[in-house]
Number of protein chains: 2
Amino acid sequence: MSSETKTVLTLKRFKVACGDCSLNTLCLPLGMAADDLGRLDAIIERKRPLARTENLYHCGEQFDAIYAVRSGSLKTYATSEHGEEQILGFHLPGELVGLDAIADGLHPLSAQALETTSVCEIPFDKLESLSAQLPSLQHQLLRLMSLEIHDDQKTMTALAQKSAEERLAAFLISLSTRLQQRGFSPNRFNLSMSRGDIANYLGLALETVSRVFTRMQNDGLLRVERKAVELLDQDRLYAYAGTPCPSASPQSSRHSS
Amino acid sequence: MSSETKTVLTLKRFKVACGDCSLNTLCLPLGMAADDLGRLDAIIERKRPLARTENLYHCGEQFDAIYAVRSGSLKTYATSEHGEEQILGFHLPGELVGLDAIADGLHPLSAQALETTSVCEIPFDKLESLSAQLPSLQHQLLRLMSLEIHDDQKTMTALAQKSAEERLAAFLISLSTRLQQRGFSPNRFNLSMSRGDIANYLGLALETVSRVFTRMQNDGLLRVERKAVELLDQDRLYAYAGTPCPSASPQSSRHSS
DNA sequence: CCGCCATATTGACGCAGGTCAAGATCGCGG
DNA sequence: CCGCGATCTTGACCTGCGTCAATATGGCGG
């Protein structure tokens with residue numbers, strides 16, 4: 001193989017078009033016609049992969065693009081004036097990061113790779129003008145922002161009223177579900193974040209997360225060894241989390257006061 | 001006065017055009033040209049006011065419009081399968097509700113009036129097509145959704161790592177700031193929600209909220225009597241909340257890992 | 001104007017989970 | 001292959017806040 005071929009291969013790896021990307025049913029392209037996809041492709045820049053602990057952007061920096069995770073994973077976090085970190089989200093392939101910065105043009109959070117991670121950079125001004133022309137793109141952008149609001153509301157609910165067990169169970173379910181949507185096994189996966197990260201995100205102490213993991217393991221709910229998790233009893237895990245199983249029938253509507 | 005005149009007046013009260021609405025620098029119209037405003041006006045329906053405890057919509061209902069609060073206030077809340085309520089937001093005039101329902105076309109939350117409240121109904125399909133034509137409308141819609149994400153992140157941070165005192169202080173600051181933006185006094189206002197609602201929202205027990213209020217009052221931070229609150233020491237309240245005072249100088253950026 | 005019910009306050013007590021501390025285990029660089 | 005630092009686990013102890021319970025207060029309907 002000549003070095004030229006290698007270069008081409010490398011470029012190819014960076015330059016998967018949206019139409020060929022396996023994530024296009026989760027990501028921005030969802031619902032777009034093939035020829036419109038080309039116009040979206042044209043404004044997207046594929047960046048070199050980030051190494052673990054490398055930051056995609058820092059809190060306070062100017063916002064001019066949103067990012068779609070292509071592979072790997074990221075955490076987004078705020079830093080208080082006392083230097084403590086608060087993790088606000090973990091982001092898997094096909095998910096967008098940076099949406100929180102549209103409001104005032106500065107990133108309120110930092111984003112850091114949890115493992116080798118590559119992203120697509122989508123300049124926001126171009127995205128805005130393109131989505132004015134492509135209704136399905138505009139719709140999907142609004143949908144994804146709405147989804148983020150919805151997910152944050154679920155996290156808030158967990159933080160406000162769930163016990164340590166319930167929070168961790170809900171967290172694992174969320175990961176499992178999202179991994180499954182991305183074609184991975186829903187019951188065997190690796191945690192790309194540390195215990196400390198999980199604890200921080202869930203508003204718990206690191207030690208509590210560790211203890212709850214062992215407790216769940218002793219209960220036969222799952223097996224966990226370091227980063228590797230295997231969920232052994234989905235149903236019981238759902239019950240644990242206090243979340244209705246997605247297969248459950250929808251409850252009838254409630255009436256006021 | 002004839003009854004005809006009264007009718008006209010009543011209609012007038014319902015039908016303030018966006019251009020004449022005092023909230024148009026906070027709400028969707030921000031940044032729009034005067035003649036574009038008319039097109040927005042045309043798709044908005046002003047609804048009859050809601051009475052206290054009346055619901056604007058219920059969780060599970062179909063989504064077809066977002067709402068802007070015109071006067072009064074709302075809470076949005078989820079209901080768990082065991083019937084417990086989790087409040088996820090309080091909404092003041094100029095704020096939008098229902099944005100979380102765009103993602104899958106059903107309302108994930110219910111919205112209930114905390115006092116006599118009137119809203120503008122904005123059919124979502126019409127809003128979408130109009131914002132494809134009016135860049136400033138599209139921009140403001142994205143901005144407001146981004147702002148909601150940002151605000152939810154702040155709430156998550158409070159829930160994950162703040163003490164009861166800090167949460168309540170942060171809550172009061174948030175209310176105070178938002179009321180000030182709307183032309184009300186930032187240090188004398190009425191709480192339209194009950195202690196129970198505040199506690200629920202902040203992930204605390206009702207009794208804790210009550211105790212923290214009295215403690216803060218004894219510390220000279222504020223005066224509170226039933227619904228009426230007077231903030232006596234903004235600076236100390238900010239210090240309490242662990243939130244940097246808005247007048248504070250921005251901290252330098254952080255470096256990774 | 002009175003009585004009742006919703007709402008709020010205050011106190012006593014217990015526990016989930018935080019903190020501190022001591023190992024254990026892993027993985028990486030030399 | 002070894003040693004050291006990062007990460008994780010486990011234990012012991014303590015505290016902030018939840019829970020339960022009693023009392024106060026206000027507002028509204030009759």
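What you are looking at is a predicted structure, and each value in this text was computed from that prediction instead of being measured. Protein chains get the first letters and strands the later ones, always in sequence-line order, with residue 1 at the start of each.
Residues forming a salt bridge (Lys or Arg N to Asp or Glu O under 4.0 Å) with A/R178 (at least two apart in sequence, or on another chain): A/E95. Residues satisfying the side chain to side chain donor-acceptor pair (under 3.5 Å) test with A/E148, not counting sequence neighbours, are none. Residues satisfying the salt bridge (Lys or Arg N to Asp or Glu O under 4.0 Å) test with B/R223, not counting sequence neighbours, are B/E230. Under the salt bridge (Lys or Arg N to Asp or Glu O under 4.0 Å) criterion, B/E121 pairs with B/K47, sequence neighbours left out. With sequence neighbours excluded, no residue satisfies ring pair (Phe, Tyr, Trp, His ring centres under 6.0 Å) with A/F189. Partners of A/D219 by salt bridge (Lys or Arg N to Asp or Glu O under 4.0 Å), not counting sequence neighbours: none found. Shown here are the ring pair (Phe, Tyr, Trp, His ring centres under 6.0 Å) partners of B/H107, two or more places apart in sequence or in another chain: B/Y57, B/F63. Take A/T155 and apply the side chain to side chain contact (heavy atoms under 4.5 Å, CB included) test, not counting sequence neighbours, and it matches A/L159, A/Y201, B/M156. By the side chain to side chain contact (heavy atoms under 4.5 Å, CB included) test, B/A169 pairs with B/M216, B/L237, B/Y240, B/A241, sequence neighbours left out.
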Could you list all N or O pairs between the protein and nucleotides 2-5 of chain D that sit under 3.5 Å apart?
none

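Note that the first and last nucleotides of DNA chain C, 5' to 3', having any atom under 4.0 angstrom from a heavy atom of chain A are C/dG17 to C/dC26.
In this structure the side chain of A/S176 never reaches within 4.5 angstrom of the side chain of A/L179, judged on heavy atoms.
D/dT7 atom C1' lies 10 Å from atom CZ of A/R52, rounded to whole Å. In this structure, the CG atom of B/L168 is 17 Å from the P atom of D/dG16, given to the nearest Å.
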**Message:** For nucleotides 17-29 of chain D, give me one character per nucleotide, 5' to 3': B if any protein heavy atom sits under 4.0 Å from the base, S if the only such contacts are to the sugar-phosphate, - if neither.
**Reply:** SSBBB----S---
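Using a 4.0 Å heavy-atom distance criterion, A/S210 is classed as a base contact.
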